[in-house]
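Written below as structure tokens is the structure these notes are about.
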Amino acid sequence: MAAAAQSILGLMAPERIVKCCFSASPVPTRYSVPSSPHYSNNGCLLTMNGCEGDPRTPVGTIGTRTFPAVPTPALAMDCLNSAISELKYNTPASTSGILRLQVPILQQFEAIGWLQAQPQLHRCYFSARNQRSSLDLFDSTNGECQISEKKLVSVAGVGSAVYFRDLHPFSFDDWKCIKRFLSKDCPLIRAYGAIRFDATAHISPEWQDFGSFYFMIPQVEFDELEGSSILAATIAWDETLLWSWGKAVDMLQVTMCQVYSVFAKLQTEVPIAFILCNNHVPRKASWDVAVNKALQMIRSDSGLMKVVLARSTRVVGNNDIDPLTWLACLQVEGQNAYQFCIQPPDAPAFIGNTPEQLFHRKNCSVCSEALAGTRARGASEVLDLQIEHDLLSSTKDHVEFTIVRESIRRKLEVICNRVLVEPKKVIRKFPRVQHLYAGLSGRLRSEDDEFDILSSLHPTPAVCGFPTEEARRFIAETERFDRGMYAGPVGWFGGRETEFSVGIRSALVGKGIDALIFAGAGIVEGTNSSLEWEELELKTSQFSKLIRCEVPVS
């Protein structure tokens, strides 16, 4: 693999500690460095709660046990608790492995409602877009796999059977460490999480708990399907890492005691909150300076053709802002978009409603998409069509879109046998905005090229610029805030399928910061800084409209 030995940004320390932890406690150990370290063959020290391991060594067994379907989540909880109690006295022959226990539920329940009722352990939530292929769900009957086609709507998880976090750039070894717990035969055992936009940038305090990357295989999980649901529990163990089967079962029981079978009643409106403070970084004057500086670079012989500049808006209200309530509100206008929530224990929640796919892999097939150029939706059908025509005929937006599409095409051609590109740009419409769009697809030479997809596609010109390194350097020198996971890859790794979106239209919510709302705009020749500022306002409006009230005059 061309990029196998490199991190996503091509920067990796020659010797470092990769943290991969087994934990189910409410506040798990962030790192635990062994007192007498053992090094794997490649020189990297790998730890799991203080124990070392080689990421290239597969676990002994990976399996899924499916129990008979039940009509309610409460009965599913009873079934899982009984099964977990019996497991403690049935130690498996394998010294390492991961096991998923799942109980189908005959009704469809909202996964986000289940998550909102749960305690704040590790928490994650991902919902699929409407354009999704069917997912093969395997039910084991007498040792044989029977395939049933079900569409996965959303996934909510609490606790962690295994989680992965480090301060260094996400690398090939980190990917292998995650993949050793995944299997084609168990497609719903997945690692959910996100990667920083720029792992070389300083991590600010509000992003500290996320590290450079953060992934978790949920310990208890609720899957919302079309017409039905699944409640699942996952156990991971490895005797060589001092994380025994018995310890894993004990910790799962601790988590199960904290999990409820009830569902919160979702609010589609955030309770009225007064804005006490609303600070932009940068402010409008500084934004104009940065855009003009970028335009000067683009017009010079620097080679820079496009750069995406972003803005962070800190919103402080008089009431706490619940991240899952915000996310439920975003779902109202989230058609054809990904919704996500990632929250380490006792940390802010990173939430988003992003329209942009980074890539989707199923076996050796991979697809991606180019999305660029932004306009508001029209108040009437006639006005909306006029705005659409303006976007399609805009020279500036055509240049921006072409840069994005051609960059993705070239990157896919390096790792695919063949690449197909939709020859004509079209409009993709969302409730508040509309964009230029084209799809791309390819055929990987090997499924092991998955890391190369991630490392080559991120960051796309849609969130960074072109050429990538010149744009990244300009962003690092110009922006005065930490993007964190904003504009980074957000999604999941699976055994047969992997899917990542781009973490835009997102916010960091809670734990003393209230909310940081992020948005960006592409700067190319012909850009008007004031119009791009208006675009930022449009993109953040899906968040800000929920707390738009001003402080009353006393």
Side-chain angles (χ1 to χ4, degrees), residues 1-14 16 18 20 42 44 55-56 164-180 182 191-201 210-215 308 356-362 364-370 404 406-417 419 440-473 475-476 483-494 497-503:
M1 299 180 195
Q6 299 180 356
S7 72
I8 281 182
L9 295 173
L11 296 169
M12 187 175 76
R16 63 192 189 78
V18 180
C20 165
N42 62 0
C44 293
R56 296 167 297 182
F164 311 84
R165 174 189 180 276
D166 207 306
L167 297 177
H168 295 275
F170 187 71
S171 72
F172 180 73
D173 277 346
D174 299 323
W175 174 74
K176 291 292 286 185
C177 193
I178 294 173
K179 293 292 283 188
R180 72 191 291 257
L182 308 177
Y192 298 91
I195 301 171
R196 282 175 62 83
F197 170 77
D198 185 353
T200 67
F210 292 84
S212 179
F213 59 87
Y214 183 90
F215 287 93
V308 179
E356 188 168 345
Q357 180 189 78
L358 184 62
F359 76 92
H360 177 209
R361 177 194 66 81
K362 188 169 186 178
C364 282
S365 297
V366 61
C367 62
S368 184
E369 57 190 34
V404 173
E406 292 308 298
S407 173
I408 295 173
R409 177 185 62 79
R410 286 191 295 269
K411 290 176 179 179
L412 286 177
E413 286 175 345
V414 173
I415 53 179
C416 294
N417 285 325
V419 176
L440 303 93
S441 60
R443 185 78 179 172
L444 293 175
R445 299 180 181 89
S446 166
E447 291 181 37
D448 287 339
D449 292 334
E450 178 179 85
F451 177 78
D452 290 335
I453 306 172
L454 187 59
S455 59
S456 62
L457 288 182
H458 172 73
T460 70
V463 295
C464 181
F466 186 82
T468 302
E469 185 53 33
E470 285 81 351
R472 190 202 64 80
R473 187 163 51 247
I475 291 169
R483 289 193 180 191
M485 268 62 180
Y486 163 71
V490 182
W492 49 269
F493 293 107
E497 259 190 295
T498 290
E499 185 163 22
F500 277 84
S501 63
V502 182

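Basis for what follows: all heavy atoms, side chains included, without hydrogens, waters or symmetry-related copies. The residues of the chain are indexed from 1 along the displayed sequence. The structure displayed is predicted, hence computed values, not measured ones.
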Report summary line: side chain to side chain contact (heavy atoms under 4.5 Å, CB included) filter on Val308, not counting sequence neighbours, yields Lys306

Query - Arg165 side chain reached by Leu167 side chain, heavy atoms, under 4.5 Å - result: yes

Requested in this report: Under the side chain to side chain contact (heavy atoms under 4.5 Å, CB included) rule, what do Thr498 and Phe359 come out as? Steps first, then yes or no, please.
Outcome: CA-CA 8 Å; Thr498 290; Phe359 76 92; 3.9 Å; yes

Report task. May I ask you to say whether Arg409 pairs ionically with Glu406, meaning some side-chain N is under 4.0 Å from a carboxylate O? Result -> yes

Report summary line: Residues passing the ring pair (Phe, Tyr, Trp, His ring centres under 6.0 Å) test with Phe210, sequence neighbours excluded, are Trp207

Requested in this report: Kindly indicate, with the supporting measurements, whether the criterion side chain to side chain contact (heavy atoms under 4.5 Å, CB included) is fulfilled by Glu497 and His360.
Outcome: CA-CA 7 Å; Glu497 259 190 295; His360 177 209; 2.6 Å; yes

**Report entry** Closest non-hydrogen atom pair, Arg196 against Ala201
**Finding:** NH2-O, 3.5 Å

Query raised in the report: Under 4.5 Å between any side-chain heavy atoms of Thr460 and Ser407, yes or no?
Result: no

Query raised in the report: Rounded to the nearest 0.5 Å, how far does OG of Ser368 lie from CD of Glu356?
Result: 8.0 Å

**Report entry** Min side-chain heavy-atom separation Lys411-Thr468 under 4.5 Å
**Finding:** yes

Query raised in the report: Sequence neighbours excluded, which residues qualify as side-chain hydrogen bond (donor to acceptor under 3.5 Å, both in side chains) partners of Arg473?
Result: none

Query raised in the report: Mind checking what makes side chain to side chain contact (heavy atoms under 4.5 Å, CB included) contact with Ala487, not counting sequence neighbours?
Result: Phe197, Val463, Arg483, Ile504

Query raised in the report: Minimum heavy-atom separation for Gly491 to Phe500, with atom names?
Result: N-CD2, 3.4 Å

Query raised in the report: With respect to Leu358, which candidate in Ile453, Ile408, Leu457 satisfies the side chain to side chain contact (heavy atoms under 4.5 Å, CB included) definition?
Result: Leu457

Report summary line: Separation between NE2 (His168) and OG (Ser212), nearest 0.5 Å, reads 9.0 Å

Report summary line: Residues passing the side-chain hydrogen bond (donor to acceptor under 3.5 Å, both in side chains) test with Lys179, sequence neighbours excluded, are Glu450

Query raised in the report: Heavy-atom distance under 4.5 Å between the side chains of Ile415 and Ser456, does that happen here?
Result: yes

Query - Contact check, side chains of Phe215 and Ile195, non-hydrogen atoms, under 4.5 Å - result: yes

Requested in this report: Take the angle between the ring planes of Phe172 and Phe451 and call it parallel below 30°, perpendicular above 60°, tilted in between.
Outcome: perpendicular

Query raised in the report: Atom CG in Asp173, atom CG in Asp166: separation rounded to 0.5 Å?
Result: 11.5 Å

Query - Closest non-hydrogen atom pair, Val419 against Cys416 - result: CG2-CB, 3.9 Å

Report task. Specify whether Phe170 and Phe493 have parallel, tilted or perpendicular ring planes, treating 30° as the upper limit for parallel and 60° as the lower limit for perpendicular. Result -> parallel

Report summary line: CD1 (Ile475) and CG (Asp198) are apart, to the nearest 0.5 Å, by 8.5 Å

Query raised in the report: How about Arg472 and Cys464: do any of their side-chain heavy atoms sit closer than 4.5 Å?
Result: yes

Query raised in the report: Any side-chain heavy atom of Ser501 sitting closer than 4.5 Å to one from Val490?
Result: yes

Query raised in the report: When you check the side-chain N and O atoms of Asp449 and Ser446, is any donor under 3.5 Å from an acceptor?
Result: no

Query raised in the report: Judged by atom type as modelled, is there a donor-acceptor pair below 3.5 Å linking the side chain of Glu369 to the main-chain atoms of Gln357?
Result: yes

Report task. Under the side chain to side chain contact (heavy atoms under 4.5 Å, CB included) rule, collect the residues that match up with Glu447, sequence neighbours excluded. Result -> Lys184, Arg361, Asn363, Cys364

**Report entry** Separation between OG of Ser365 and CZ of Arg443, rounded to the nearest 0.5 Å
**Finding:** 4.0 Å

